[in-house]
Protein chains: 2
Amino acid sequence: MTPNSDNADKYRVKSLDHAIDVVEALADGGRDGLAVTEVATAVGMSKSSAYSILQTLLRRGFVASQGSGPTRRYRLGLSFAYLGDRVTSQTGLREVAMPYLEELTRAAGLTSRLAIFDEGYAVAIGRVDGPGTIRIAPFLGRRELPHATAIGKAMLATLGDDEIHRIIKSTGLPARGPNTIVDVDTLLRDLRRTAERGYAVDDEEDTAGVVCIGASVLDRTGTCVGAISVTALKHEMRADAVAEIGVLVRRYADTITAELGGR
Amino acid sequence: MTPNSDNADKYRVKSLDHAIDVVEALADGGRDGLAVTEVATAVGMSKSSAYSILQTLLRRGFVASQGSGPTRRYRLGLSFAYLGDRVTSQTGLREVAMPYLEELTRAAGLTSRLAIFDEGYAVAIGRVDGPGTIRIAPFLGRRELPHATAIGKAMLATLGDDEIHRIIKSTGLPARGPNTIVDVDTLLRDLRRTAERGYAVDDEEDTAGVVCIGASVLDRTGTCVGAISVTALKHEMRADAVAEIGVLVRRYADTITAELGGR
DNA sequence: GATCTTGTTCGGTATCACCAAACGGGGTTA
DNA sequence: TAACCCCGTTTGGTGATACCGAACAAGATC
């Protein structure tokens, strides 16, 4: 009899799950990687088990190793770069949008990003860094809260109220930055305003000191397939520049939408 | 008694290997993904096994599914985008080089790429698409032959002869394009010339109709950490433009090298 | 509305993933 | 230079489990 027989283990391949634990440990392992013992303790398994998993991943290019003997260290391999590139290309949206994103970055002088919807969350699949020395390095592929980001709110604003309720019921409205909207009615008002003016504003709602402005991208059927945004430090942005940049972002989003056959 | 007891299975986690087979099948599965049955036949396992693996990967975000019931299809998930971005960022080279790569693309009007060495192969970790309508879409993270690409030859040219022999012994000198160098002595001569003028030229050696020009990037210890290159269609490039662009690529490579503290 | 195709569920068994402990080789210190 | 220590690598045994075959169910197609 299992101690807690919840059905979380149904159709779960345990050893694969453990291997994923190893991979995620390596992702957080930093530049110079992790030793076998460090991996084993990080994921809570025996040294030899971790070793077998690492060897298997190594042979497939999912981890790389440097050094040998007692100084050997493991880090993520380039197979992830390959598959990651395929994933972000698979939608097709990325190929169309990236050139315009580069234009937008040049025009606004700010880092810009491209995101899609994934299970209610906003996920960036493209990025063009701006010229500024400030390097707000937003990783690709990480899930971001829809209600606390410009890119998320831009996408939410294209949906019906029932769909919005369904999403925020699963993600919740957790506070992230000083101004995060944690109230449903306030969020709905903000989304209505977003839809009217055509762009979403995140004023320190996700991260203190950071302002984002985003706009949605539609496909030929009129459904939202993603959004683009620009990011700036609050103290570098004049208050009256927000509307100006908002219109700019909206214009580029419309261009991409048109390219996709949308209207 | 195993039929063929070669030690290829030492420290191999079979179920993990199978899961990787599934992942690679999905990578080739195209935009709209694969059904469970298609996955099972592609990797040669039972439907239910494939199902368990897919469910496990699904819960961790490594695959995504659309549809339900008999129309359900699976494709790669965004966790790969996240990890892939971390891998390409982990070297640190990418953060430094990408802004210059964008400049280079603008200056040359051509698609440019950034690559590193991986087990003797050249692997692209960054790319900036040029304005041309031709979209030579070189995937990131895929291993490319060192002797048949500008980016690979640029890196080889920084090594000693013994190191070069060690690498081409493992990769071989297979023909890829009309002008692939398949002879060791010819390759060594080409590499010496590459070292002298500072840039490598791939004149239809990897792909027919495609010309690449690359130059190496060094770190502060003077060892080669990667290379950059530009790609063009042969019929669009004047013969005398090669030297001109070669100097340009060399200059940007030097700039990146200097940024890394190299000399 | 009948039928076919395909995703999902279930149970048994041979396989194998996991652990503990031993081995061996660099790195470090005295 | 030599002894110690630490850590990656190897091995063998066993209890858990990954895999398969077959049955079930739910849409799609005509």
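Throughout, a chain's letter reflects where its sequence line sits, starting with A, and its residues are numbered from 1.
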Check against side-chain contact (heavy atoms from CB on, under 4.5 Å), B:Leu78 and A:Ile116: CA-CA 10 Å; B:Leu78 288 157; A:Ile116 57 174; 4.1 Å; yes
Phosphate OP1/OP2 of D:dC19: any A:Tyr11 side-chain N/O under 4.0 Å: no
Atom-to-atom span, CD of A:Glu38 to P of D:dG8 - whole angstrom: 7 Å
Short side-chain N/O contact from B:Ser15 to OP1 or OP2 of D:dT17, under 4.0 Å: no
Selection from C:dC10, D:dT9, D:dA16 that lies nearest to any side-chain heavy atom of A:Lys10: C:dC10
Nucleotide C:dA17, atom C1' - distance to CD1 of A:Ile53 in whole Å: 9 Å
Nearest listed nucleotide, side chain of B:Lys14, among C:dC16, D:dG8, D:dT9: C:dC16
Reading 5' to 3' through nucleotides 19-30 of chain C, protein heavy-atom contacts under 4.0 Å coded B for base, S for sugar-phosphate only, - for none: BB----B-----
Distance-only side-chain donor-acceptor flag, A:Ser49 / A:Ser46, under 3.5 Å: yes
Distance test, side-chain N/O of B:Tyr51 to OP1/OP2 of C:dT9, below 4.0 Å: yes
A:Arg72 vs D:dT9: side-chain N/O to OP1/OP2 distance below 4.0 Å: yes
d(CG, B:Leu54; C1', C:dG7) in whole Å: 11 Å
Nearest-Å distance for atom pair CZ/P, residues A:Arg12 and D:dA16: 15 Å
Stacked cation flag A:Arg86 on B:Phe80, 6.0 angstrom / 45 deg: no
Distance in angstrom units between B:Asp17 CG and C:dC16 P, rounded: 12 Å
DNA chain D: 5'-proximal contact among A:Val13 and A:Leu34 (nearest heavy atom): A:Leu34
Euclidean distance, A:His147 NE2 relative to A:Leu173 CG, rounded to 0.5 Å: 5.0 Å
Side-chain N or O of A:His18 closer than 4.0 Å to phosphate OP1/OP2 of C:dC18: yes
side-chain hydrogen bond (donor to acceptor under 3.5 Å, both in side chains): pairs with one or both residues in residues 165-175 of chain A, sequence neighbours excluded: A:Glu163-A:Arg166
Candidate pair A:Leu140 and A:Arg127, rule side-chain contact (heavy atoms from CB on, under 4.5 Å), full reasoning: CA-CA 8 Å; A:Leu140 300 185; A:Arg127 171 188 60 201; 3.9 Å; yes
B:Arg75 vs B:Asp32, salt bridge (charged side-chain N to carboxylate O under 4.0 Å, His left out): CA-CA, chis, key distance, verdict: CA-CA 7 Å; B:Arg75 55 191 166 74; B:Asp32 34 332; over 6 Å; no
